[in-house]
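Reckoned from all heavy atoms, side chains included, excluding hydrogens, waters and symmetry mates. Residue numbering restarts at 1 for every chain, and letters A, B, ... go by the order of the sequence lines. If you're wondering where the values come from, they're calculated on a predicted model, not measured in any experiment.
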Amino acid sequence: MSQPTKSQNAPQTAIQPTRAQNYAEWYQQVVRAADLAENSPVRGCMVIKPWGYSLWENMQRVLDRMFKQTGHKNAYFPLFIPLSFLEKEAQHVEGFAKECAVVTHHRLQAGIKRDGKPGLIPAGELDEPLVVRPTSETIIGASFAKWVQSYRDLPLLINQWANVVRWEMRTRLFLRTTEFLWQEGHTAHATEAEAQEETRKMLDVYADFAENWMAMPVVKGRKTEGERFPGAVETLSIEAMMQDRKALQGGTSHFLGQNFAKASEIKFLDQAGILQHAWTTSWGVSTRLIGALLMTHADDDGMVVPPRLAPTHVVILPILPKPECAAVVMEACEKLAARLREVSYVGGTLEVEVDRRDLRGGDKMWSWVKKGAPLRVEIGPRDLEQGVVSVSRRDRGVKERTAMSADALVAGVVSLLDEMQQSMFAKAKAHEVANTRSIDDPKEFRAFFTALKPESEGVPTEIHGGFALSRFAMDPMEESKLKDELGVTVRCIPLDGQDDPGQCILSGKPAKRRVVFAKAY
RNA sequence: CGGGGCGUAGCUCAGUUUGGUAGAGCGCUUGGUUCGGGACCAAGAGGCCGCAGGUUCAAAUCCUGUCGCCCCGACCA
């Protein structure tokens, strides 16, 4: 087979391979083509590039506003956690011990390294090692213990934007990296009911954000015992179906009971003068959401960014076939950009970029297609003659264009973006619905999650499976067996589900209701 | 931590079996022809072949050691 040259045999899609050919590789290629992030020299850690980071900034801005609106305040706690703090909650230690980065020294000095060469070696061993936070329950708990004395100090509603480190064995850009960015909310309450309400409220905030900003439909639910956060009494999560029909946990909200309050001594005197332990919660979303956004919306030409989170809403591409018309075209572009920048959109004004780069037209256009900018507006001499601009939507075909007057664009741009946002959600929802099935027959269940052609010699399995809504008797052993056999787990017990008694799909024992089974990231 | 693989130009890789002193495509620079589209032609810049030893007249190539990375599993936001 001869190597096809670019001119004779240009790829049909901007991303190779396509989703259908090799989904995992497609994901990596989109991350790169869209200029979201790249691998760094540091094992398992990524460099988030400007386009990817501005997506995160937009997510942060919206979420931060939602947290403030629900009464939370931001604070910042140390990156380092004394080892003894982590040891306070037994299940917590067990859950995180295997993935902690540990600081054992506090300076470097000249010496002979392990490879026998001269260089810098760690010196000044710490009396007590410091753990780089994998999550901050214990260090924040220490502060909460000081801040809470009376029922009048409650509820305490705190959020922190931070980086955390989890020494994972295998990493994938955005989905699982050694260091990642997130927010972690930590709250303390006087009563169990209030803490549970908080847990539920923040899950609703996440679901609202996922659906209305990311255009990503989610299922809200409770986790089974085996999938729970270490140390939590109950874990709630939002689960989204990616385009390969696997589930991605997008955010979690934990009801911690009094476990961490007891470990950190968060105590208060209630109105009756009785000393009580507080009830705490914690909840978080991370830069993983960028991976979720990609796998929900991106196509074989690259990223597709939902308008409400786009760093740039409109890209204006000047078309300059002849140098003599450059000035006129550029002026028209700048004029349109200035008008569009006055337009209000989702709490701010439109972000508009005129791409003045000295690149060939095709390269320039494709770079924005791959990044997923919602609207591209082309302006060339011919458009100027006809008094129009050419508008392309990223959620439509790359070559599809609509000619309209600049006035019409300025007047209609917001409804255009709104329609695009809606349409992206609708498409993702349709995909979820199409691949969610109620299954009562164990044979059908097994077939649903079994690939027709198993993976072989670099050819991945075809995309299959989805969400199975089946009854489960909540036996952890059965769940663990299922995971070993089919790689399927209970993603959640949906909150909006009804009681629907019948036989457990795994054991045949009586089961009260249906849960979501799926393969997961 | 178990199994497999790979370290050669910015990127993707060939060359290693059969040692002889470094290549391709893409990208980059310059010039030209094109150009409502990811074009073409020409000329260039760029690598002590992961690192350290050894064998040899001669090592990217053979041997030993070492470091790093990737993939599959177990673990995981």
*Asks:* Which part of the nucleic acid does A:Thr252 contact within heavy-atom distance under 4.0 Å: base, sugar-phosphate only, or nothing?
*Replies:* nothing
*Asks:* When you measure from the centre of the six-membered ring of A:Tyr53, is the NZ or CZ of A:Lys49 closer than 6.0 Å and no more than 45° off the axis?
*Replies:* no
*Asks:* Find the partner of B:U33: check Watson-Crick (N1-N3 plus N6-O4 or O6-N4) and G-U wobble (N1-O2, O6-N3) distances, both under 3.5 Å, and reply none if neither fits.
*Replies:* B:A39
*Asks:* Using the six-membered ring of A:Phe96, assess whether NZ or CZ of A:Arg166 lies under 6.0 Å from its centre and within 45 degrees of the ring axis.
*Replies:* no
*Asks:* Determine the contact category for A:Lys370: base if any of its heavy atoms lies under 4.0 Å from a base atom, sugar-phosphate if only primed atoms, P, OP1 or OP2 are that close, otherwise nothing.
*Replies:* base
*Asks:* Regarding A:Thr135, tell me which of base, sugar-phosphate or nothing describes its non-hydrogen contacts under 4.0 Å with the strands shown.
*Replies:* nothing
*Asks:* Mind checking if A:Leu320 touches a base, just sugar-phosphate, or nothing, with heavy atoms under 4.0 Å?
*Replies:* nothing
*Asks:* Out of B:C75, B:A77, B:G38, which has the shortest distance to the side chain of A:Arg166?
*Replies:* B:A77
*Asks:* Does B:C6 have a Watson-Crick or wobble partner in any strand here, with both distances under 3.5 angstrom, and which is it?
*Replies:* B:G68
*Asks:* Using purine N1 to pyrimidine N3 plus N6-O4 or O6-N4 for Watson-Crick, or N1-O2 and O6-N3 for G-U wobble, each under 3.5 Å, what pairs with B:C1?
*Replies:* B:G73
*Asks:* Pick the C1' atom in B:A77 and in B:U29, then give their distance to the nearest Å.
*Replies:* 45 Å
*Asks:* Using 30° and 60° as the class limits, which term best fits the ring planes of A:Phe229 and A:His254: parallel, tilted or perpendicular?
*Replies:* parallel
*Asks:* Just to verify, what does A:Lys519 make a salt bridge (Lys or Arg N to Asp or Glu O under 4.0 Å) with, not counting sequence neighbours?
*Replies:* none
*Asks:* Taking CD from A:Glu179 and P from B:A77, how many angstroms apart are they, rounded to a whole number?
*Replies:* 18 Å
*Asks:* In whole angstrom, give the distance that lies between atom OH of A:Tyr23 and atom C1' of B:C71.
*Replies:* 19 Å
*Asks:* So A:Gly284, base contact, sugar-phosphate only, or nothing? Heavy-atom distance under 4.0 Å.
*Replies:* nothing
*Asks:* Just the rounded figure in Å: distance from P of B:C11 to CD of A:Gln28.
*Replies:* 16 Å
*Asks:* Whole Å only: how far is the NZ atom of A:Lys98 from the C1' atom of B:A74?
*Replies:* 9 Å
*Asks:* Have a look at A:Asn39 and say if it touches a base, only the backbone sugar-phosphate, or nothing, with a 4.0 Å heavy-atom cut-off.
*Replies:* nothing
*Asks:* Measure centre to centre between the rings of A:His92 and A:Phe260, then say whether the value is under 6.0 Å.
*Replies:* yes
*Asks:* Less than 5.5 Å between centroids and less than 30° between ring planes, does A:Phe180 satisfy that with B:A77?
*Replies:* yes
*Asks:* Tell me: CG of A:Asn163 to C1' of B:A77, nearest whole Å?
*Replies:* 14 Å
*Asks:* Using whole Å, report how far CZ of A:Phe229 lies from P of B:C75.
*Replies:* 18 Å
*Asks:* Taking pairing as Watson-Crick or G-U wobble with both contacts under 3.5 Å, can you name the mate of B:A59, or confirm there isn't one?
*Replies:* none
*Asks:* Would you measure the distance from the C1' atom in B:G20 across to the matching atom in B:G15 and give it in whole Å?
*Replies:* 14 Å
*Asks:* Write down the distance between CZ (A:Arg32) and C1' (B:C26), rounded to a whole number of angstrom.
*Replies:* 11 Å
*Asks:* Measuring only the C1' atom in each nucleotide, how far is B:U17 from B:U12? A whole number of Å is fine.
*Replies:* 24 Å
*Asks:* Just checking A:Ser253: base, sugar-phosphate only, or nothing, at a heavy-atom cut-off of under 4.0 Å?
*Replies:* nothing
*Asks:* Roughly how far apart, to the nearest Å, are B:U8 and B:C69 at atom C1'?
*Replies:* 15 Å
*Asks:* Find which nucleotide of RNA chain B each of A:Lys483 and A:Arg360 is nearest to by heavy atoms, and output the residue with the more 5' nucleotide.
*Replies:* A:Arg360
*Asks:* If we call it a pair only when both distances are under 3.5 Å in a Watson-Crick or G-U wobble match, what pairs with B:G46?
*Replies:* none
*Asks:* Starting at the 5' end of RNA chain B, which residue's closest nucleotide do you reach first, A:Trp182 or A:Leu384?
*Replies:* A:Leu384
*Asks:* Taking the six-membered ring for Trp and the full ring for Phe, Tyr or His, determine whether the centres of A:Phe517 and A:Phe449 are under 6.0 Å apart.
*Replies:* no
*Asks:* Suppose you measure atom P in B:C51 against the same atom in B:G68; what distance do you get, rounded to whole Å?
*Replies:* 15 Å
*Asks:* Tell me which one of A:Gln21, A:Gln29, A:Gln28 satisfies side chain to side chain donor-acceptor pair (under 3.5 Å) with A:Glu25.
*Replies:* A:Gln29
*Asks:* Under 3.5 Å, is there any donor-acceptor pair linking the side chain of A:Asp363 to the base of B:G37?
*Replies:* no
*Asks:* Both distances below 3.5 Å, Watson-Crick or wobble geometry, any strand: find the nucleotide opposite B:C13.
*Replies:* B:G23
*Asks:* For atom P, what is the distance between B:G31 and B:A58, given to the nearest Å?
*Replies:* 48 Å
*Asks:* Would the base of B:G37 count as contacting A:Arg401 through its side chain, where contact means a donor and an acceptor less than 3.5 Å apart?
*Replies:* yes
*Asks:* For B:G3 and B:C40, measure between their P atoms and round to the nearest Å.
*Replies:* 48 Å
*Asks:* Between B:A77, B:G38, B:G36, which nucleotide gets closest to the side-chain atoms of A:Ala14?
*Replies:* B:G38
*Asks:* Take atom CD in A:Glu225; do more than 12 heavy atoms of anything else shown fall under 6.0 Å from it?
*Replies:* no
*Asks:* I need the CG-C1' distance between A:Leu173 and B:C70, as an integer number of Å.
*Replies:* 13 Å
*Asks:* P atom, B:G19 versus B:C71: distance in rounded Å?
*Replies:* 35 Å
